[in-house]
There are 2 protein chains.
Amino acid sequence: MLRSYAMTEDRQISIALPTIRRLPMYVAVLEKALQDGQTHASSSQIAGALGLESIQVRKDLAAVGVVGQPGVGFPVGELIAAIEKSLGWDNASDAFVIGAGHLGTALAGYRGFARYGLNIVALFDSDPAKVGQTVHGKKILPMEKFADLVARLHVRIAILTVPAEAATESAALAAEAGIKALWNFTPTKLAPIDGVIVERVDLAASLAVLSSRLASLVGASGATRAQAADEPESEV
Amino acid sequence: MLRSYAMTEDRQISIALPTIRRLPMYVAVLEKALQDGQTHASSSQIAGALGLESIQVRKDLAAVGVVGQPGVGFPVGELIAAIEKSLGWDNASDAFVIGAGHLGTALAGYRGFARYGLNIVALFDSDPAKVGQTVHGKKILPMEKFADLVARLHVRIAILTVPAEAATESAALAAEAGIKALWNFTPTKLAPIDGVIVERVDLAASLAVLSSRLASLVGASGATRAQAADEPESEV
DNA sequence: CTGTATTCGATATACTTTTATCGATATGTG
DNA sequence: CACATATCGATAAAAGTATATCGAATACAG
Ligand SMILES: NC(=O)c1ccc[n+]([C@@H]2O[C@H](COP(=O)([O-])OP(=O)(O)OC[C@H]3O[C@@H](n4cnc5c(N)ncnc54)[C@H](O)[C@@H]3O)[C@@H](O)[C@H]2O)c1
Ligand SMILES: NC(=O)c1ccc[n+]([C@@H]2O[C@H](COP(=O)([O-])OP(=O)(O)OC[C@H]3O[C@@H](n4cnc5c(N)ncnc54)[C@H](O)[C@@H]3O)[C@@H](O)[C@H]2O)c1
């Protein structure tokens, strides 16, 4: 029974990436189940809520080390705890935002991150006009203070929202300051940096999937759009 | 030679999803090559710039139907055009933003989308206080006008940036108005809607990858962080 | 023109991820 | 307690992706 909380690090490393990407969805569903007073949830119930196959849910949950009960399902609370442990969401991590522009301030104000164990502490910007301002209760500080504060506060995560051209330079600066993980929102593909994990949020990739599916849809059953495409487009 | 531009729709549909996700990176690299005056680029050159294997680049490019020349490489201009065609980025699509909050306005102001064939025309919001404002030169309109304008302007794409609770409702409204593709930035997993493509930007999934890798890194070579973890964390 | 270095693309192989099958365990009803 | 139903987990199969190999085409230097 306690094997579900086993902490052998080697297993955590070996969880398949697609599985890791799905884990947050499970947490969301399970928390809803918990609120409804459920102590257990079956793989088919979870799968149904997420549009997945139950077998995949079982495999994913097996990967985080929780054992279910035949005829009953998986223990909800235990499951949430195990997933959050796998993801390192069990104790919150502080993070700095580099680039207090539109996206950076939006992220800094996003309350949803608290649930993911992410705590944005402050923003940094090279623009003197922005430094000193406060957004969503968080200060915008000058880049000069970055390295010092990373060390003092033991911040490991930096969120990169600078212009594309400044990305490489900012990443190098962050790495040198001791940042261990970079969440890169810029379209710049960073070269690997020794000892630094880089995860990129690639909106272009996401949009590519959307628009290519849309394009092939038009091509396939063109009837729907064909008529509209003939009419001239007007402006607002 | 002209086979590279073949427009048989059935091929477009069959491009593997991981390949589609990589296509935008190729476009970025190729445009840089074009600026440098290159007429051809080899798979190994492209791979080197992106940290990929050359064989994967060749396979991906074969999927969009462009043929390279042995000893020379791939024709840059032709390649860009073919990729953009595959993605439906060859002629820009208009889009509406639903939810003119922090994220919605950031997206509306993002100039990078122009390159991806996406043109945000206007924003919509249910909050009367926001309606009438202009952000980045784009109007915030009331939801009541949404359906009519979708029809009048033949808008097929809506970008969902409403609060999580409003996502399902907004999606249904968009679908009813005739929207064909939803780019969903909310954490809500939408149920499939008939005739509507939904692509989700899942920040939680991305963060999960980042933080789980960070967590396993700490577990593995704990030395680096162990010392820091012992010290009490101070505040800004 | 000959030899060497590039490079592509077809085919084959290896690897990863998803899905299927099925026996074993649990619940609850009559 | 017998039996129908639900559920899990181990193993196997299938599908999807990435990588390796190698012959053929091209460029170019000598
Ligand atoms: N806005 C979006 O919706 C969106 C979407 C996808 C990707 N992005 C990417 O995110 C990044 C930020 O976008 P944005 O719209 O917030 O841009 P922005 O111009 O609003 O913000 C960039 C901020 O970075 C600061 N900055 C510039 N150079 C810096 C440096 N060297 N060090 C520290 N700070 C620096 C600027 O002063 C500015 O405040 C860009 O790379 C953009 O491509 C943005
Ligand atoms: N801010 C971020 O960095 C961030 C990051 C990831 C995901 N998200 C998600 O994006 C969404 C928007 O985030 P945000 O920070 O911009 O929130 P926000 O509160 O700033 O903006 C939401 C906007 O939607 C409007 N709205 C509410 N209900 C509506 C309805 N029924 N129809 C039309 N408009 C409606 C509100 O008036 C508001 O302007 C949320 O679902 C959030 O979870 C945000």
Does [N] have its OP1 or OP2 closer than 4.0 Å to a side-chain nitrogen or oxygen of [X]?
X	N	answer
A:Ser44	D:dT7	yes
A:Ser43	D:dC8	yes
B:Ser42	C:dT6	no
A:Gln56	C:dT18	yes
B:Arg58	C:dG9	no

**Message:** Classify B:Thr19 by what it touches in the nucleic acid, base, sugar-phosphate, or nothing, heavy-atom distance under 4.0 Å.
**Reply:**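 No contact at all - B:Thr19 keeps every heavy atom at 4.0 Å or more from the nucleic acid.
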[X] side-chain proximity, nearest of [options]:
X	options	answer
A:Pro70	C:dT25, C:dT18, C:dG9	C:dT25
A:Glu53	C:dT17, D:dT19, C:dT19	C:dT19
A:Gln69	C:dA26, D:dA25, C:dT18	C:dA26
B:Phe74	C:dC8, C:dT17, D:dT19	C:dC8

**Asked** Quick one: B:Leu52 CG to D:dT17 P, roughly how many Å, whole number?
**Response**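 To the nearest whole Å, that distance equals 16 Å.
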**Asked** What heavy-atom pair brings B:Phe185 and A:Leu203 nearest, and what distance separates the two atoms?
**Response**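 The pair with the smallest heavy-atom distance is CE2-CD2, 3.9 Å.
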**Request:** Can you measure from CG (A:Leu173) to OG1 (A:Thr168) and round to the nearest 0.5 angstrom?
**Result:**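 Result: 12.5 Å between the selected atoms.
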**Item:** Non-hydrogen side-chain atoms of B:Ile83 and B:Trp89 separated by less than 4.5 Å
**Value:**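 No, every pair of side-chain atoms sits at 4.5 Å or beyond.
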**Request:** Answer whether the closest heavy-atom distance between the side chains of A:Val76 and A:Ile80 falls below 4.5 Å.
**Result:**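 Heavy-atom side-chain distance check passes, below 4.5 Å.
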**Prompt:** Starting at the 5' end of DNA chain C, which residue's closest nucleotide do you reach first, A:Arg22 or B:Val72?
**Reply:**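 Closest to the 5' end, via its nearest nucleotide, is B:Val72.
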**Message:** Between A:Lys59 and B:Leu17, which residue's closest nucleotide on DNA chain D lies nearer the 5′ terminus?
**Reply:**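 Residue closer to the 5' terminus by nearest nucleotide: A:Lys59.
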